[in-house]
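Convention: sequence-line order gives letters A, B, ...; per-chain numbering from 1.
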Amino acid sequence: MSDVPMPRPDEPLVRVRGLSTRLGGKVIFDALDLDIPRGSITALMGPSGTGKTTLLKHITGQMRPDAGEVWVDGRNVPELGRDALFALRECIGYLFQNSALLTDFDVFENVAFPLRQHARLPEELVRNIVLTKLQAVGLRGAARLLPSELSGGMARRVALARAIVFDPMLILYDEPFVGLDPIALNQVLKLIRTLNQTLGITSVLVAHELSAVRRVADRVHLLANGKIVAAGAPDELARGESDWTKQFFGGEADGPVPFHYPAGDYARELGFDGGAA
Amino acid sequence: MNGRFLRGGYLADALAQVGAAGLFFFSILGALPKSLRYVRETVRQVWFVGAMSLVIIMTCGLFVGMVLALQLYHTLSIFGGTEALGTVVALSLLRELGPVVTALLFAGRAGTSITAEIGLMRATDQLAAMEMMAVDPIAYVIAPRFLAGVIAMPLLACVFNALGIFGGHLVGVTWLGIDNGTFWGNMTANVDLWDDVVNGVWKSLAFGAVVTLIGVFQGYTTPPTSEGVAYATTRTVVFSSIVVLALDFVLTAFLM
Amino acid sequence: MTQRRSYAVGTGLFIVLGFAALAYLATQTTSVANYRQGDSYAVKARFGNVGQLKLRAPVKIAGVRIGSVASVQLEPEKLDALVTLSIDKRFHEIPDDSSAVIFTSGLLGDQYVGIQPGGSPEMLKDGDELILTQSALQLEDLIGKFLVNGSGDANKKPAPTQGTTKPAGGA
Ligand SMILES: Nc1ncnc2c1ncn2[C@@H]1O[C@H](COP(=O)(O)OP(=O)(O)O)[C@@H](O)[C@H]1O
Ligand SMILES: [Mg+2]
């Protein structure tokens, strides 16, 4: 890491320029630009299937774009070699959309996993760190349960504890609120805010729950049709001044974002094609 | 995908798989130094692929030895050579049946579970999660399993052989009434430590490497669906069996 | 942690069991005594025909194994086979006029070198040559001979056809 030029502190932590990606013949990103300032909480919203998860994968180098630059902390991710990428990832927490806990290990060992892999810490310290993180997500009592014994919401919180165990500089949350009851949701929101305020951890969260996002995010980016179509403070966007925001936050099927996955003519496919039937 | 597999580019598919598996083998070798950090994981895997296969290996070894003694006794008695029973039982086991049958059982017992486990880790994003935690899945997941297979297989074959010879002794001496001294004496006079015992160990080492490689490769490259994992598991057994038998011929013809 | 310990113990037991099986195979199915090479001495013998005699075939006196065949080579000028026998040092009192014969164990079995002791007071030393030798009995020759001579006294003359006994020199 020492060979990397020190990024200026006022520079955005994540800077995406001209990102273009096609997957399976479908355009996912079309020259997308995005800035995520240091120390902010940024929400990414958008209809499902627009590529929010894919964008997070580009930021962490799990996928390479067809074109464009993805700068994270002064490093262009698509150009990093494996070792440099791994060095970068040690400073990034990632919450998978489906939790992705290691089924071999119990909750405690899952959370301890990154610590054991990257730091030679005394067992006592590992225990303390892990229990602190589990306490923060309200699952200290579940430390010895196996992932198969957890509900979806609990697994999500364990995955969250694992993502923050190293106090990374950047945390990417892929739909962290799914499957959480209102109490747990409150706690997780508080946790995200605390991490951000006390440790200055930059957070990116993908979410659909506008009410939750409004309580925590500084900025919201609305992703649709391969581009950022709207950006701003949550309240500003929620007022819905543009067509995009009006449709998305109003939940209407008709608007600039098609609700339907691209398809042929409906009547024709059902066989009600005018006279030809 | 299965349709294509059965019909058209079967040969091309097979060649592509062989090539990909070969490259995968080199990436495992490349990750071996890094995986030395995960000795514990390797130990755990030796337990899963080795110790957990003991029961089936021991049972089958015993029965194969017993059947072998029965059949060979029958054949040898035609030539009036039943005193050679110990020799032929031991040589058949040490040179052929031990390594081969153990490898086939190992493919069914351990190879499939390796494939299914890794395939499910792929399907549930566990491998991706490791990558995100800056842990190389090849070094942490694949290499320990591969090493464990290579370590466990020759040991299992030895256990199989020992039980097989015990079974042969049981049938030949206890049941069919061949003289105990004749049984062992003939065997020890004709079985060679290097040509027979040690060569059998080399063989099973090679089989262990091949079967485990197929197991981890199929798991690692499986499509992340339940159907994909199911097919991958089947392929592990089919490919392992074919490759083990073919390799056995090559090793026997050219190396022994 | 205790969970991990038990894996380690179980794995250790498994490995010990595996090596025990290997040791069992190595010692019980083979006669390891055959491989105690170190303390041995070499004796040469020439044969007109070694038949199927192989490397490491046993060398026996009175049916008891005393060593093994260390090498089988062709002598370029005499065009006969030079066989080196490696004999255990424990059997150092073998008269130097003993003869070496290639026998077949059983009708179709492997061949081995049998040494028939002579009566000389001098004993064989490392590098000595056994002068009196008798080649391998070729089954084909034997059958041929049997057919030619009839059943009569074929068993009186077991010596194979080609002049294989080498009385040259004498003891
Ligand atoms: N590996 C892949 N191959 C082909 N298409 C993919 C792949 N991964 C995702 N996609 C497509 O990319 C689009 C974006 O997916 P994703 O990023 O998961 O959406 P979301 O915004 O809901 O997280 C989807 O339309 C999906 O069909
Ligand atoms: Mg998604």
- [ ] Please round to the nearest 0.5 Å and tell me the distance separating atom CG of C/Leu25 and atom CG of B/Leu193.
- [x] 10.0 Å
Task: Other residues, nucleotides, ligands: >12 heavy atoms within 6.0 Å of C/Tyr24 OH - done: yes
Task: Over all atoms of both residues, closest heavy-atom pair of C/Gln28 and B/Trp184 - done: O-CE3, 3.9 Å
- [ ] Pick one of side chain, backbone, both or neither for C/Leu13, based on which atoms fall under 4.5 Å of a heavy atom in chain B.
- [x] neither
Task: Residue B/Ala152 versus chain C: region with a heavy atom under 4.5 Å - done: both
Task: Donor-acceptor under 3.5 Å (C/Thr30 side chain, B/Thr188 main chain) - done: no
Task: Proximity breakdown for B/Val198 and chain C, heavy-atom pairs closer than 4.5 Å - done: neither
Task: Heavy-atom pair with the smallest gap, counting every atom of B/Val43 and C/Thr11 - done: O-OG1, 3.0 Å
- [ ] Tell me, for B/Leu94 versus chain C, whether the close heavy atoms (under 4.5 Å) come from the side chain, the backbone, both or neither.
- [x] side chain
Open item on the list: Heavy-atom cut-off 4.5 Å, strictly under: side chain, backbone, both or neither for B/Val159 against chain C?
Closed with: both
Open item on the list: Does atom CE (B/Met66) have a neighbourhood of more than 12 heavy atoms from anything else shown, all under 6.0 Å?
Closed with: yes
Task: Proximal component of B/Phe160, with respect to chain C [non-hydrogen, under 4.5 Å] - done: neither
